[in-house]
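Order of listing sets the numbers, starting from 1, for every ligand and every atom in it. The figures here come from the full heavy-atom set of this structure, side chains too, leaving out hydrogens, waters and symmetry mates.
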Amino acid sequence: MRIEQDIKLDFKDVLIRPKRSTLTSRSEVDISRDFVFLHSQRKYRGIPIIAANMDTTGTFDMARALAGHQLSVALHKYYSEDELLDYFSGLTTPAVSFYSMGITAPDYEKFQRVKEGAGAAIEYVCVDVANGYTKAFVGFIHKLRTAYPDITLMAGNVVTGEMTEELILDGVDIVKVGIGPGSVCTTRRMSGVGYPQLSAIIECADAAHGLHGLICADGGCTSPGDLAKAFGAGADFVMLGGMLAGHDECGSEVVEQNGVLKMRFYGMSSREAMEKYAGGVAEYRAAEGKDILLDYRGPVENTVQEILGGVRSACTYVGARKLKELSKRTTFIRVTQQLNEIFGPQ
Ligand code: 5GP
């Protein structure tokens, strides 16, 4: 056993310090990014925010709504082959939609068939496992990259610099970072495993950028300020579940509770999701996600404006004319720890 004594931080533990600036208005801030991906060598331009590949947020409707704002979606993996083929072959806008999959043989075979049918329309692929530290995951990445050299590959999840480096060397363009921070995730409570998300982003971004790779900060953002902190910490992309849930585009049913309209949102490893897609929770494991009712929030449009407005505002406060400059201009101030020292745990 070993204890690491370095302080690790979450979004709530810091604030971004304001800096002198020549910007006069938020409208002067450009929050889109341009990237050339390390392995696929393809170009990207857009606002680097991605709806999570959960069956409530990674929907076709969400993809269409977000494309209008240059945001992306990682489609959930439960769509049928026909639905995916229809969607990808009908893509008219230059929307960035990730095809998502796990690492089982049926996942791979389904991808092969859909890719064969959709061809170049599938440019972005997301390989998503709860634990990106297994040999099987790395082996799968090798196989996929060898077979499809020109796809832009996002994969994870991991939380440490050395695993980020390994994945980038193995062929991943965007490493997905986050174990346990999700709003409907119970991994930390059920298994005791996890890593404070802000520190994970800082450490993985540093590792990735040293090899010209990128990272996507996945999970734990509960407000536009958290996205600003994620980008400030070095995230190239940010993935959102809960913040985009509860909208018309999520496809869940709207229910009434004590006169308030609500929408269901659940983790993809929750009992509810496993019952829906896998016929229940297998005997040897426990659910690691929860099922909650969120206030129904109508179309996603207003929420998107709020998120983009918050990120623009952060850029203005630190004098970043472009989102790209935000991390260079970010100084984090630790807050919770200081309060804890003065007042005891909050
Ligand atoms: P959020 O933005 O809601 O905080 O986090 C979204 C992320 O939570 C997803 O992209 C995914 O990585 C993670 N997630 C989704 N469902 C589950 C689950 O059931 N268990 C765990 N451990 N993580 C989940």
| Proximal atoms of ligand 1 relative to Leu240 (non-hydrogen, under 4.0 Å) | 2 (O)
| message | Among all the protein's non-hydrogen atoms, which is closest to atom 16 (N) of ligand 1, and how far away is it? | response | Met268 N, 2.9 Å
| Any idea which part of Met54 is under 4.0 Å from ligand 1, heavy-atom wise: side chain, backbone, both or neither? | side chain
| request: Do me a favour and list the nearest non-hydrogen protein atom to atom 19 (O) of ligand 1 with residue, atom name and distance? | output: Ser269 N, 2.6 Å
| Lys324 atom NZ, neighbour heavy-atom count above 12 within 6.0 Å | no
| request: Check each atom of ligand 1 against the heavy atoms of Gly220 and keep those under 4.0 Å away; list them by number with element. | output: 1 (P), 4 (O)
| said: Which of the numbered atoms in ligand 1 are under 4.0 angstrom from any heavy atom belonging to Ala52? | reply: 10 (O)
| Taking the non-hydrogen atoms of Met243, is any one of them nearer than 4.0 angstrom to ligand 1? | no
| remark: of all protein heavy atoms, closest to atom 3 (O) of ligand 1 is Ser183 OG, 2.6 Å
| Protein residue, atom and distance nearest to atom 8 (O) of ligand 1, heavy-atom basis | Gly182 CA, 3.7 Å
| said: So for Ser270, does at least one of its heavy atoms come nearer than 4.0 angstrom to any atom of ligand 1? | reply: yes
| field | Distance filter under 4.0 Å to Met239 heavy atoms, resulting ligand 1 atoms | value | 10 (O)
| query | Which of the numbered atoms in ligand 1 are below 4.0 angstrom from a heavy atom of Gly242? | reply | 1 (P), 2 (O), 3 (O)
| Does atom 13 (C) of ligand 1 have a protein non-hydrogen atom under 4.0 Å from it? | no
| message | For atom 7 (C) of ligand 1, what's the nearest protein heavy-atom neighbour? Residue, atom name and distance, please. | response | Asp218 OD1, 3.4 Å
| query | Does the pair Lys43/Asp34 count as a salt bridge with the N-to-O cut at 4.0 Å? | reply | no
| message | If you define the side chain from C-beta out and look only at heavy atoms, does anything of Val129 sit under 4.5 Å from Thr134? | response | no
| task | Scan for salt bridge (Lys or Arg N to Asp or Glu O under 4.0 Å) pairs involving residues 130-143, sequence neighbours excluded, and state none if there are none. | result | none
| Among protein heavy atoms, which sits nearest to atom 23 (N) of ligand 1, and what does the distance come to when rounded to 0.1 Å? | Cys185 CB, 3.4 Å
| atom 20 (N) of ligand 1: which protein heavy atom is closest, and how many Å away? | Glu288 O, 2.7 Å
| Among Tyr124, Phe111, Phe88, the one residue meeting ring-ring contact (aromatic ring centres under 6.0 Å, His included) with Phe98 | Tyr124
| query | side-chain hydrogen bond (donor to acceptor under 3.5 Å, both in side chains) between Glu203 and Ser199: does it pass, once the steps are laid out? | reply | CA-CA 6 Å; Glu203 293 166 27; Ser199 289; 4.5 Å; no
| query | Among all protein non-hydrogen atoms, which one is nearest to atom 2 (O) of ligand 1, and what is the separation to 0.1 Å? | reply | Gly241 N, 2.8 Å
| said: I'd like to know if Ala130 contacts ligand 1, where contact means a heavy-atom distance under 4.0 Å to any ligand atom. | reply: no
| said: Please state which option from Thr187, Thr186, Asn131 has its nearest heavy atom closest to atom 22 (N) of ligand 1. | reply: Thr187
| field | Under-4.0 Å salt bridge between Arg271 and Glu275 | value | yes
